[in-house]
Amino acid sequence: MLHFDTGVATIPIYYSFYRLPNHILYMQPYIFTEIEQKWQNKWKQQKSVTADRSLTTNHLPKYYILNMFPYPSGSGLHVGHYMGYVASDILSRYYKHSGYHVMNPMGFDAFGLPAEQHAIQTGQHPAVTTAKNIEKYIVQLKQIALDFDWDKSVNTSEPEYYKWTQWIFLEMFNSWYNTATQKAAPIHALIQEFIDHGNTKVQAACDDHTPIFSAKEWNAFSETEKQVQLLHYRLAYLKDSMVNWCEALGTVLANEEVKDGFSERGGYPVTRKKMKQWSLRMTAYAERLLIDLDRLDWPLSTKEMQRNWLGKSQGAEITFRVQGQKGETITVFTTRPETIFGVCFIALAPEHPWVRAMANQTGDTALIAYIEQSKNRSDRSRLAETTFLSGLFVGTCVIHPFTGAPLPIWVADYVLPRYGRGAIMGVPAHDKRDYIFAQSFDLLTFPVIESTFLMEDGPYEAAEGKMINSDFLNGLSVPEAAEKVMQKLIQNKIGQYKVNYRLQDPIFSRQRYWGEPFPIYYKEDGLPYGLSQDQLPLLLPPVSSYRPNPSGAPPLANAFHWSTPEGYPLDLHTMPGWAGSSWYFLRYMDPHNGETLLSKEKEAYWKGVDFYIGGAEHATGHLLYARFWTKLLYDLGHIHINEPFPKLLHQGIIQKFTAIVYRLKDENVLVSAGLIAQYDVVPIYIPTAFVKKDVLDLEALKSWRSEFADARFLLEEGKYICGKKMEKMSKSKYNVVDPDGVIAQYGADALRLYLMFLGPLEQSKPWDLCGIEGVFRFLNKVWRFVHHAKALWTPNHLPSNQEMVKIIHQTTKNVTESIKKCSFNTAISSLMIGLNRLSTFEKVTQSVVEDFILLLEPFAPYIAAELWESIGKTGSITEVSFPIWNETYLAEKSFEYRIAVNGKLRTKMVFDYNASPMAIKEAVLVHEVIQKWTAGKVIKNVVVVANKMVNVVLE
RNA sequence: GCGGAUGUGGCGGAAUUGGUAGACGCGCUAGACUUAGGAUCUAGUACUGAAAAGUGUGGGGGUUCGAGUCCCUCCAUCCGCACCA
């Protein structure tokens, strides 16, 4: 046994000297640590493993492959992160070998809350921690030979990058959405329109209660009034928004960051508060975002998620007159206008303007209390009730537009203010929530569609059947009735068709420090104005504290003299995490351009991302925002790409068993997994290292954390059995696998191979280190194979062995086709099969060995580079063309048919590749095995499928 | 509840898209070379059965000469949206 001190760990290398021929005896073993170190150093001198080709190589076809860039967190990468990166690296290397000009960049989504939290705790500037983390990431990425071109990297937190994020924001601020042309346009075109016609004719996406003004009125407006009106149209606009305010974090949280009234991060209480926030008029794009999904080569599930998120629903708005209040009306949105005769009440969101007006007017304390109470309930909890819905009768009625009957107006918080008009018509007979509400308050329920349902059974929600109890709709089918009632509503000017989207304009400002400052200042009128382009980037200022200002203002209020040179105060908000990531794929094409965000020439060459790889968890966030920004920049003529990611693949997540102990709810007693049914327990994740074959090492746990030191244990047969669950690798669940340890033990090539060999890229799969032995053995085998072949070959003088040629061509074909399908697990399997078969030959020709190393290179670049050099090649292997197979070598002369009788396989027979079906049939029928099965039976049919199989069918 | 996906040996997974189910790898069993084996090589390894043979791709049904693959239905698991009027 020899020991090689690798510097990382002492690894025993086993191999035997006996029995081997001399040349093998002196063959150096596969010491991956040395090899990988050697090539890493070599490649360090180069920008990229294959030097970047300049745009002068325009004749080359391009391939732009992209990974979602990571947030550089302090905990570094775990093996799961590598999944997508390795896949893209394989593709990138393959396309380079195939003559493409490949771009496979990597960068950092570097603004984010963790660095800011760290800054708050330690006082260290987030830029410092971020830079440190990025450095660590780059080392980790380089060690597994990921061929990223670091010259093209981007970092969203650097001024040269966020200058353009701010620039894009200004473009949004200075634009409006023309719904007639379905395009965004510069704001000056809108101003001209106002000068000519006021806003009476313009079709634009704007705020709900934008006042109407004539050209004359516009021209008479003061500058301030004009700006106020324009703000109703800008694509980036200020809006009073109900936001999730977290006092402890001093910030506003997105809906997805709030869980049951508490912040997801930190678990602090969250209240709802009205604040002026920047919003983006994304809803203007809802229809285009929906329609264009059809053109995308994306996983179906992700497209479906985006469709749900956009949430298009078609229906009608119907206006009801309020009884006893002349001229006052309430407009509701419904998807089922045909059920108009089944309306038993009207329900309004507590936030509805009419409700507020009523409360002010009457001073009704119960109503005011109800409005207050609803304010702090999240949408989720407001909708979560299944048995009782709360509400309050306002004491007023509306008039049914057809029957003239009075319908009570209720305030109910199951009606959400931001969906539709914040008002619904309650049809308890045909809507589940309306039904529950009616049950809760004993309201009338009145069916208008014929069904076998009894009222006691619940609502009949299906949109099919014959209309009843519905005056002029009686006897019609549901669709017919819907059409007829709409005609009538439109005719009577009390209703119109309406399309609604669930999507809302996202809030775009954060009360945080570590993000892009808004290039916005405020004049005396209190209105926002954009900085000019030459004032960008607006640098993130140093602050005395990263916490919110004691006044409650965001951290930027802690900056010294945060104002324009003229002395106007600058906006105190910063942009959210997704700002920088919504357009970064554009910047990679031209990362250092100081003049524009992306030059026309570079865009014309690269034309956008060909293949995007990233996690499915970004299905509705990042992937939707990036599509929105792309369309916006496209509208304004800055880019010619309409969709950012035409082709998308989600890599699966790596899972590992977690270890769980169960503690009694109010005692420090841990209960073994088999006994938990009898107790009230809380599961707690513990490090998996403490568990061997489900049995817990009690001492390890006790010394891990003080809280366990004096814990008592309820054991099963003297052992504590842990619970386990296959879960996504995550630091908080203590089941992460650190890549450095794996690399030290098996090498980066083995880790790459293993990650890819595990299974289909897009599938989630469990990590099990045992399996890595297989690919590690394979690499050792390759090593021996090449050295063995090299020692024995006499170049160019070996007679070409047809069988061997066929094997390498077959392998080439299988590997190439698998790579193109991103089926890397079968590609590696083909390499293994190829090697196993080639190893049976005494001598192997040099060209076969060369081809094999080339086929391996995208998967295991270190060993490939080393072997390439060891067979006497001086140039870089990455510059060499990928092998191409020749079908004529693969042609078979004969085929082994499987012969079945009544579908059951009975024997196999070899026939010439071109044998006629007639001849095959005759030969099969006289074959002794077949005769045995057909003896005494009547043969009904003999199915002969050329070069597939034969089936003899008996009566 | 809705939408999407998945279900194949002890395990990870293959299967030319309707044509030999279980490639490749792990694990396991036996053997070889060995002081040794956690190196390497050889053979075997879905299940039942002594064998002949039979049974097998979550369950049930169907189409077909032929179904892991297509259709219907049910079940389980995972992911997403969650009572969006």
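Throughout, protein chains are lettered first and strands after them, A, B, ... in sequence-line order, and every chain is numbered starting at 1.
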> What is the distance from CH2 of A:Trp783 to C1' of B:A39, rounded to the nearest Å?
17 Å

> Is A:Glu887 close to A:Trp885 at the side-chain level, that is, under 4.5 Å between some pair of heavy atoms?
yes

> Scan nucleotides 47-58 of chain B nucleotide by nucleotide, 5' to 3', and note B when protein non-hydrogen atoms come under 4.0 Å of the base, S if they reach only the sugar-phosphate, - if neither.
------SSS---

> How about A:Val332 and A:Arg421: do any of their side-chain heavy atoms sit closer than 4.5 Å?
no

> Give me the distance, rounded to whole Å, that separates B:C71 from B:G18 when you measure between the C1' atoms they each carry.
13 Å

> Taking the C1' atom of each, how far is B:A82 from B:G13, in whole Å?
34 Å

> If a pair means Watson-Crick or G-U wobble with both distances below 3.5 Å, what does RNA chain B look like in dot-bracket form, with | marking bases paired to a different strand?
(((((((..(((......[....)))((((((.......))))))(((....)))..(((((..]....))))))))))))....

> What is the distance, rounded to the nearest whole Å, between atom CD of A:Glu762 and atom C1' of B:C79?
15 Å

> From CG of A:Leu779 over to C1' of B:G25, roughly how many Å is that when rounded to an integer?
13 Å

> Short of 4.0 Å, heavy atom to strand atom, which residues of residues 816-827 of chain A count as contacting RNA chain B?
A:Asn825, A:Thr826

> Work out how far the P atom of B:A51 is from that of B:A46, and round it to whole angstrom.
14 Å

> Where each residue is assigned the nucleotide of RNA chain B containing its nearest heavy atom, which of A:Arg421 and A:Ala616 is assigned the position nearer the 5′ end?
A:Ala616

> Looking at B:C84, I'd like to know if its phosphate oxygens (OP1 or OP2) sit under 4.0 Å from a side-chain N or O belonging to A:Arg433.
yes

> I'd like the C1' distance from B:U35 over to B:U20, given in whole Å.
47 Å

> What distance do A:His352 atom NE2 and A:Ile409 atom CD1 have between them, rounded to the nearest 0.5 Å?
9.5 Å

> Identify the two heavy atoms, one from A:Gln651 and one from A:Gly615, that lie closest to each other, and give their separation to 0.1 Å.
OE1-N, 3.3 Å

> Measure from the side chain of A:Arg777, starting at C-beta and using heavy atoms only, and say which of B:A85, B:G80, B:A39 lies closest.
B:A39

> B:G25 P sits how many Å from A:Leu769 CG, rounded?
18 Å

> With A:Phe911, which residues qualify under ring pair (Phe, Tyr, Trp, His ring centres under 6.0 Å), at least two apart?
A:Tyr897

> Measuring from atom CD1 of A:Ile920 to atom CE of A:Met909, what distance do you get when rounded to the nearest 0.5 angstrom?
9.0 Å

> Which whole number of Å gives the distance between the P atom of B:A52 and that of B:A32?
28 Å

> Are A:Thr826 and A:Ser823 close enough that a side-chain donor and a side-chain acceptor fall under 3.5 Å?
yes

> Taking syn as within 90° of 0 and anti otherwise, name the glycosidic form of B:G9.
syn

> Verify whether the ring centers belonging to A:His400 and A:Phe341 lie closer than 6.0 Å.
yes

> With rounding to the closest Å, how many angstrom separate the P atoms on B:A5 and B:A85?
23 Å

> Which whole number of Å gives the distance between the P atom of B:G68 and that of B:A15?
16 Å

> Calculate, to the nearest 0.5 Å, the distance between atoms CD and CG belonging to A:Gln306 and A:Leu623 respectively.
6.0 Å

> Is it true that atom OH of A:Tyr889 has more than 12 heavy atoms of other residues, nucleotides or ligands lying nearer than 6.0 Å?
no

> Mind telling me if B:U8 is syn or anti? Syn here is a glycosidic angle within 90° of 0.
anti

> For residues A:Asp505 and A:Thr283, is any side-chain donor paired with an opposing acceptor at under 3.5 Å?
yes

> Checking A:Arg898 side chain against A:Lys948 main chain: does a donor-acceptor pair fall under 3.5 Å?
yes

> Assign A:Asn836 to base, sugar-phosphate, or nothing according to its heavy-atom contacts below 4.0 angstrom with the strands shown.
sugar-phosphate

> Check every atom of B:G80, B:A14, B:C24 against the side chain of A:Pro760 and return the nucleotide holding the closest atom.
B:A14

> Could you tell me whether the phosphate oxygens of B:C78, OP1 or OP2, come under 4.0 Å of any side-chain nitrogen or oxygen in A:Ser764?
no

> When you check the side-chain N and O atoms of A:Ser313 and A:Tyr419, is any donor under 3.5 Å from an acceptor?
yes

> Determine the Euclidean distance between corresponding P atoms of B:C70 and B:A14; express it in Å to zero decimal places.
16 Å

> With no hydrogens and no angle check, do the side chains of A:Glu317 and A:Tyr497 hold a donor and an acceptor under 3.5 Å apart?
no

> Touch check for A:Pro299, heavy atoms < 4.0 angstrom, all strands: base, sugar-phosphate only, or nothing?
nothing

> Whole Å only: how far is the CD atom of A:Glu317 from the P atom of B:A85?
13 Å

> Can you give me the N/O atom pairs linking the protein to nucleotides 18-21 of chain B at distances under 3.5 Å, or say none if there are none?
unit_1, atom_1, unit_2, atom_2, d
B:G19, O3', A:Arg898, NH2, 3.2
B:G19, O2', A:Arg898, NH2, 2.4
B:U20, O5', A:Arg898, NE, 2.9
B:U20, O4', A:Arg898, NE, 3.0
B:U20, O2, A:Lys908, NZ, 2.9

> Kindly say whether the aromatic ring centers of A:Tyr754 and A:Tyr746 come within a distance under 6.0 Å.
no

> Please work out if A:Arg307 contacts a base, only the sugar-phosphate, or nothing of the nucleic acid, heavy-atom cut-off 4.0 Å.
nothing

> Would you kindly say whether A:Lys781 and A:Asn836 are connected by a side-chain donor-acceptor distance under 3.5 Å?
yes

> Classify the ring geometry of A:Phe852 against A:Phe778: parallel below 30°, tilted from 30° to 60°, perpendicular beyond 60°.
perpendicular

> Under 3.5 Å, which N/O atoms of the protein pair with N/O atoms of nucleotides 4-12 of chain B?
unit_1, atom_1, unit_2, atom_2, d
B:G12, O2', A:Leu758, O, 2.6

> Is it the case that A:Tyr414 and A:Asp434 place a side-chain donor and acceptor less than 3.5 Å from each other?
yes

> Closest-nucleotide mapping onto RNA chain B: is A:Ile833 or A:Met425 further toward the 5' terminus? I mean the 5' end.
A:Ile833

> Whole-Å distance between B:C84 P and A:Tyr419 OH?
9 Å

> Just how far, in rounded Å, is C1' of B:U40 from CZ of A:Phe785?
17 Å

> Quick check for you: to the nearest 0.5 Å, what is the distance between A:Ile930 atom CD1 and A:Leu925 atom CG?
8.5 Å

> Quickly work out the A:Ile828 CD1 to B:C26 P distance and round it to whole Å.
13 Å

